[in-house]
Each structure stands twice: as structure tokens, then as C-alpha cells.
Amino acid sequence: MSSDETAETESTDFIREKVRTDNESGTFGGRVQTRFPPEPNGFLHIGHAKSIFLNFGLAKENGGTCFLRFDDTNPETEDVAFVNAIQEDLAWLGAKADGPPKFTSDYFEQLYVWAEVLIEKGLAYVDDQDAETISEQRGGFGQPGVESPFRNRSSEENLGLFRQMRDGAFDDGSRVLRAKIDMQADNMWLRDPVMYRIRNVAHHRTDDAWVLYPTYDWAHGQSDAIEGVTHSVCTLEFADHRPLYDWFLSHLDLPSDQPQQTEFARLNITHTVLSKRVLRTLVEQGHVDGWDDARMPTIRGLRRRGYPATAIESFVERIGVAKINSVVEVELLESFVRTELNRSSQRRMAVVKPLKLTITNWPEGHVVMVDAVNNPEDPDAGSRSVPFSGELWIEEDDFRLDPPPKYYRLTPGREVRLRAAFFVTATDAVLDDDGNVIEVLATYDPATEGGSSPDGRKVKSTMHWVSAPHAVDATVHLYDRLFSAEHPGASVEGAERDPLDDLNPMSRETTAAKLEPALGDVTRGEVVQFERLGYFAADLDDPTIFHRTVGLRDEWANIQKRKK
RNA sequence: UCCCGGGUAGUUCAGUUGGUAGAACACCAGACUUUGAAUCUGGUUGUCGUAGGUUCGAGUCCUGCCCCGGGAGCCA
């Protein structure tokens with residue numbers, strides 16, 4: 001995107017507005033630093049893209065910096081494989097972090113030192129109770145909490161115990177370090193939250209150096225402060241943690257200004273699900289081929305599907321950021337994909353559901369090369385030669401024995417144009433025993449070569465085609481929504497429902513397609529427009545497989561839909 | 001039950017110190033067209049959650065109420 005284009009479409013929102021006023025008032029000395037902090041326990045999806053472009057965008061727009069930080073405080077669920085996958089996805093999206101990636105685990109030592117500071121100040125204590133007891137004592141919404149019997153241990157005793165915890169003297173779950181705040185707080189996160197737990201588990205980076213692991217709450221704000229983050233942006237469910245985030249920071253000597261947390265609403269999209277848990281179930285139960293299945297809303301899935309990273313970025317910018325929980329229509333995402341692909345993709349002809357068309361007056365064995373434009377949106381894209389013969393494949397939908405009203409395509413007695421080639425008139429159809437059309441017979445007008453008639457005669461329709469003897473075979477996946485319901489799993493009349501019940505059993509239809517020869521040598525991942533059908537991406541691993549990225553807008557489909 | 005966020009077209013969002021509601025997508029119509037695409041032109045849709053109050057004037061300020069979302073992990 002050019003800079004003046006950005007200026008024109010410059011959108012604002014409450015977060016950008018806050019950054020602006022902070023800059024004006026000199027809150028952080030005009031500094032803007034953000035971070036994208038994924039936990040390496042899964043793959044990135046389009047919901048993360050919203051956070052990614054927000055964080056990187058904030059930094060970029062203000063001449064600031066944005067780090068990538070892996071929030072790796074829970075060794076039980078994390079893995080290097082995810083660290084690598086996340087970096088690949090980020091690179092593909094075009095989000096470039098400043099400097100090498102950071103890891104919360106790099107700060108374990110500093111975090112530990114700070115924990116001792118809080119203990120010395122009497123603001124943290126070791127609790128010997130088990131998880132269940134602590135949870136019960138926390139109380140409930142509007143219900144009082146109960147103070148732990150270990151809450152008033154001396155600093156010396158706490159320090160001794162805490163050091164033993166670090167040294168591995170205790171079993172998993174036997175003791176935790178808790179912040180000493182207020183067991184009667186209205187905000188449950190202030191009722192002496194846990195800062196450290198014991199886990200005798202190898203960590204993917206620190207291996208067995210630690211058995212003591214900080215919780216998210218203890219690690220996050222402090223990591224922000226260590227890195228010099230100014231604006232710590234996260235999703236709405238952390239809003240209740242903000243007082244805790246501030247509390248920790250306010251009791252420490254920080255190397256920089258105290259960072260501030262701001263929350264925004266996470267992304268939801270119709271006909272899909274962006275919950276790691278549900279996505280994992282889809283993969284594990286085999287409803288999709290994997291995390292990178294072209295129907296998945298993961299970055300890898302969208303990539304295989306052919307969604308351009310730039311379209312994802314434009315989409316995310318368009319939907320803006322707010323605090324209201326919302327569900328964006330997939331159609332909006334698709335429209336950005338179409339807009340991008342319309343200007344960038346080469347046009348080709350491919351027949352996805354082939355029907356034989358024989359030209360009865362075509363000279364036996366004759367072949368003509370016709371010239372077809374590569375991209376009408378881009379004059380520099382030039383043209384290509386496509387072989388035309390008397391045996392062709394046309395789209396099943398492009399012929400009707402009994403045409404419905406407003407049907408412009410081929411039907412007995414009607415003349416249509418075969419794109420860039422000739423006018424043809426259907427004369428007859430061959431049926432099988434069940435009455436299905438298996439072949440269409442037609443005649444052509446030799447004077448219409450190139451696709452126009454010297455007498456100025458007009459036709460209602462132009463159709464795509466592929467010469468049968470020259471056709472390249474391919475497997476094409478036609479996708480429909482993964483979930484047929486607009487809001488998968490939405491409760492009906494108060495009853496909880498499983499999103500999986502809304503899965504669309506027809507989300508993928510696979511066909512044996514016939515392609516024009518030029519399609520035989522597309523590169524992996526290349527997206528082309530199959531004229532009149534949509535945009536199709538050559539598979540990343542096997543370029544004889546094509547995925548329908550998204551169909552074209554389809555007025556004819558709308559007409560049919562309206563009639564129903 | 002308590003705390004925190006929210007409520008503006010079908011959807012996502014704008015609405016500046018109060019001046020009588022906009023954009024994008026979607027939808028509809030027309031023009032153009034060798035993609036029923038793209039492009040261009042025009043158009044439809046709102047009890048601004050609700051009821052009061054302040055004011056010459058309220059989507060904007062005040063109060064009550066209603067509805068939706070989040071929160072009681074040693075997950076993040």
C-alpha cells in the first residue's frame with residue numbers, strides 16, 4: 001500500500017486514539033512499543049492476524065517498534081515446532097518483527113529476582129495448600145474469600161521456602177507463590193493470585209533448568225516492562241486482569257516507564273470457528289485433513305486456499321478495532337480476496353464439471369490456435385495461444401435441454417460465443433439411458449474466428465471451453481462453508497450446542513477437471529482465475545490439484561436464488 | 001448474586017467542543033462488456049437498546065431500567 005493511500009484510508013479507533021493522546025501528552029516520551037505475544041502451543045489463525053496487524057501497525061504508524069515474544073510459561077503444552085510454525089506464518093503474512101524473537105523464558109531469572117523483592121516487601125507468600133483448597137477459598141462472585149492460613153508467614157520463612165521451591169525440594173502442586181493483595185476484592189483476580197507453580201517438566205527452551213514456572217499474570221506485564229513495551233494490547237477477556245497487571249508493576253523498580261494494557265474485541269467470523277480447542281477437534285477427528293486444510297481458518301489453511309496475505313491485511317484493517325463483541329460476515333473477507341485476486345491473477349480456462357461438445361462441421365483433426373488475453377485488468381499481462389478443435393469440454397451447467405427463464409447459455413437452436421474462439425449453435429444432444437445429456441452437438445461459424453462476427457451479430461453469452469485432445473487433467477476441490485450455520489454452536493432456545501453439529505458435510509466437493517494446456521505448468525501456490533468460475537490456487541505440494549479460493553460474484557446464482 | 005465491558009443500517013465500523021445520521025461489504029436497478037466477472041452511475045435499509053430529564057436543539061450530557069459479552073485455572 002502506498003503511503004498516500006494509507007493517509008487517505010487512515011482509520012482511527014480507540015487504541016490509535018489513545019496512542020495519539022499519549023504521544024501528545026508525552027506519556028512515554030513519545031515512544032511507541034508493542035509486541036505480539038503468542039503462546040507456542042498451536043497454529044496461528046485469522047483471529048491472530050487481527051492482533052498481529054494491530055500491534056505491528058501501531059508501531060509502524062508511530063515510528064515505534066514491535067517485538068515478537070513467545071509467551072512460553074507453560075512447558076506442558078508448548079513446543080519448538082510451534083515456535084517455528086508461528087514464525088513461518090508471520091513471515092508469510094509479511095509481519096516483520098524488530099530484532100530476533102523474544103521469549104518469556106529468557107526472563108525467568110529476572111522474574112524470579114522480582115518475586116523475591118515482592119516477598120521481601122511482604123507482598124507475596126508461599127502457600128502450602130492444594131489447588132482445590134485455594135480455589136474454594138477464593139470465594140465466588142459477590143461471595144467473600146477466605147484468607148489462607150499461610151498468608152501471614154514472615155518474609156524470611158517465605159524466602160527460605162521459595163528458594164527451596166526453586167531448588168526442587170517439593171513435589172508438583174505442593175506449594176505455590178501467591179501475591180498478597182485482597183481476598184475480599186470484587187475483582188476475583190485480585191484475590192491473592194498464583195504467581196508460581198511447581199512443574200517437574202522439561203521446557204522446550206530452558207530444558208530442566210527450572211521446576212518453578214511463572215503464571216501468565218506474573219510473567220506478562222513484567223516481560224512487557226523488561227522489553228520496554230509502552231502499549232500492551234490484548235483481547236477483552238484480559239480486561240479483568242488489568243488491575244493485577246498494574247498492581248505487580250507498581251510494586252517493582254522498572255527499567256522503563258510502566259507499560260499500559262488496553263483490550264480490544266477478538267475477531268469472530270460467520271460460518272467458522274476460531275477457537276483453538278474446536279479447531280484441534282476438527283483435526284483430531286478427521287473432519288479436515290490437518291491444520292493446513294484449505295477449509296481451516298488457520299493462516300496455513302488460508303494460504304493453501306490461495307488467500308493473499310495482503311487481502312487478509314486489508315480485511316483486518318477494514319474491520320477496525322473496538323470493544324464490542326462482533327461477528328464479521330465471511331463475505332467481507334471474501335470480497336477483499338476477490339478484489340486483490342482480480343487485479344493480480346492470470347485468466348485461464350478450465351472446465352470443472354466437463355460435458356462433451358462436438359462440432360459437427362469442424363474439419364476432422366483440424367486444430368487452430370486462438371489468442372486469449374491473460375488479464376483484462378492488466379494490459380502488461382499479454383496474451384497466450386490456446387488450442388481449439390472440434391472436440392471440446394464445456395461446463396455441464398452451460399447447456400440445458402429445457403432452459404429456465406433468463407438462461408442465456410447454450411440450448412438447442414441458440415448461438416453462443418466460445419471465448420476467444422468461435423460462435424457455435426447447438427443442434428442436438430445425446431442422452432444416456434437415464435435421460436442425462438452426455439454430449440452436445442453443435443455447428444460453428446468459420447467467419448467468427450477470434451470470437452466476433454463480421455456481420456455484427458450479437459450473442460447473449462460467452463462460455464469457456466477446453467479442447468478435449470489437448471486437455472490437462474486435474475483434481476479440483478470446490479469448497480463450501482466448513483460450517484453451514486452462520487454461528488456454529490450458537491445455542492438454540494437456551495440449549496447449549498456443539499459447534500461440530502453445525503459442520504457442513506458438503507464442505508468439499510472434488511471433481512476431475514479438464515484444463516487448458518497452459519495450466520499444466522503453474523507454480524505451486526499460484527492463484528489463477530478460471531474464467532467464469534472463480535479463483536483457484538495450485539496446491540502447495542501437488543500442482544495438479546487446485547483449490548477453489550473463492551468463486552466469482554454470480555448474478556445467475558442470485559437470480560436462481562431469488563426465484564426460490 | 002458481585003465486578004468489568006458493551007448496545008448507531010443485514011454485517012463491520014465512523015459520527016469531532018450537543019445542530020437533526022454516514023462509509024465499506026451485502027442487496028437492488030441501469031450503463032458498459034468476448035467472464036451473468038470486472039468497471040461506472042444511481043438506489044433501498046436506521047423508533048441511534050429503552051423510558052424519562054437538562055436544552056431552542058440530544059446518537060452525543062444526566063438518571064433509571066432492559067439486553068448482550070467477559071470474569072471465581074497452579075491455562076494463556
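Every chain is numbered from 1 and lettered A, B, ... according to where its sequence line falls, protein lines coming before strand lines.
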**Request:** Look at the side chain of A:Arg191 and the backbone N and O of A:Arg138, then say whether any donor-acceptor pair between them is shorter than 3.5 Å.
**Result:**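 It does hold such a pair.
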
**Prompt:** Would A:Trp189 count as stacked on B:G71 if the rule is ring centres under 5.5 Å and plane angle under 30°?
**Reply:** no

**Prompt:** Per the atom types in the model, does the base of B:A37 pair as donor or acceptor with the side chain of A:His464 at under 3.5 Å?
**Reply:** no

**Prompt:** Taking the six-membered ring for Trp, are A:Tyr112 and A:Phe162 parallel (under 30°), tilted (30 to 60°) or perpendicular (over 60°)?
**Reply:** parallel

**Message:** Just to be sure I understand the rule, does A:Arg343 reach a base, reach only the sugar-phosphate, or reach nothing, if contact means heavy atoms closer than 4.0 Å?
**Reply:**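 Counting heavy atoms under 4.0 Å across all strands, no contact is made by A:Arg343.
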
**Message:** What's A:Arg318 touching, base or sugar-phosphate or nothing? Going by heavy atoms closer than 4.0 Å.
**Reply:**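 Contact class for A:Arg318: base.
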
**Asked** Under 5.5 Å between ring centres and under 30° between planes: does that hold for A:Tyr216 against the base of B:A76?
**Response**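 By the stated criterion, A:Tyr216 and B:A76 do not stack.
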
**Message:** Can you identify which nucleotide, out of B:A26, B:C2, B:A29, has its nearest atom closest to the A:Ser335 side chain?
**Reply:** B:A26

**Message:** Over 60° means perpendicular and under 30° means parallel, so tell me whether A:His45 and A:His48 are parallel, tilted or perpendicular.
**Reply:**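 Plane angle between 30° and 60°, so tilted.
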
**Request:** For A:Val176, answer base if it contacts any base atom (sugar-phosphate contacts may also be present), sugar-phosphate if it contacts only those atoms, and nothing otherwise; contact means non-hydrogen atoms under 4.0 Å.
**Result:** base

**Asked** Base, sugar-phosphate alone, or nothing: which one does A:Tyr407 contact when heavy atoms must sit under 4.0 Å apart?
**Response** base

**Prompt:** With a 4.0 Å cut-off on heavy atoms, is A:Ala131 in touch with a base, just the backbone sugar-phosphate, or nothing at all?
**Reply:**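 Here A:Ala131 touches the bases of the nucleic acid.
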
**Message:** For a quick check of understanding: with a heavy-atom distance under 4.0 Å over all strands, which category does A:Gln129 fall into, base, sugar-phosphate or nothing?
**Reply:** base

**Request:** Look at the side chain of A:Ile324 and decide which nucleotide, out of B:C74, B:C13, B:G70, has an atom nearest to it.
**Result:** B:C13

**Request:** Tell me which nucleotide among B:A38, B:G73, B:U35 gets nearest to the side chain of A:Arg532.
**Result:**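 That would be B:U35.
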
**Asked** Can you check ring-ring contact (aromatic ring centres under 6.0 Å, His included) on A:Trp465 and A:Phe388, steps first, answer last?
**Response** CA-CA 9 Å; A:Trp465 50 272; A:Phe388 183 92; 5.0 Å; yes

**Message:** Quick check on B:A76: is either OP1 or OP2 less than 4.0 Å from any side-chain nitrogen or oxygen of A:Thr73?
**Reply:** yes

**Prompt:** Looking across every strand, which nucleic acid part, if any, lies under 4.0 Å from A:Glu329 by heavy atom: base, sugar-phosphate, or nothing?
**Reply:**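 Base: the residue A:Glu329, judged by heavy atoms under 4.0 Å, touches a nucleobase.
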
**Prompt:** Given B:C3, B:A72, B:U35, which nucleotide is nearest the side-chain atoms of A:Gln529?
**Reply:**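 Shortest atom-to-atom distance from the side chain points to B:U35.
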
**Asked** When we call it a touch if two heavy atoms are under 4.0 Å apart, what does A:Tyr213 touch: a base, just sugar-phosphate, or nothing?
**Response** nothing

**B:G36 pyrimidine/purine six-ring stacking with A:Tyr408, under 5.5 Å and 30°** = yes

**Asked** Reckon A:Arg338 touches a base, only the sugar-phosphate, or nothing at all at heavy-atom distances under 4.0 Å?
**Response**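 It contacts nothing in the nucleic acid.
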
**Message:** Under a 3.5 Å distance rule, please check whether A:His203 uses its side chain to pair with a backbone N or O of A:Asn74 as donor and acceptor.
**Reply:**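 No, A:His203 side chain to A:Asn74 backbone: no donor-acceptor pair under 3.5 Å.
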
**Complete:** Relative to its sugar, using the 90° cut-off around 0, the base of B:G10 is anti

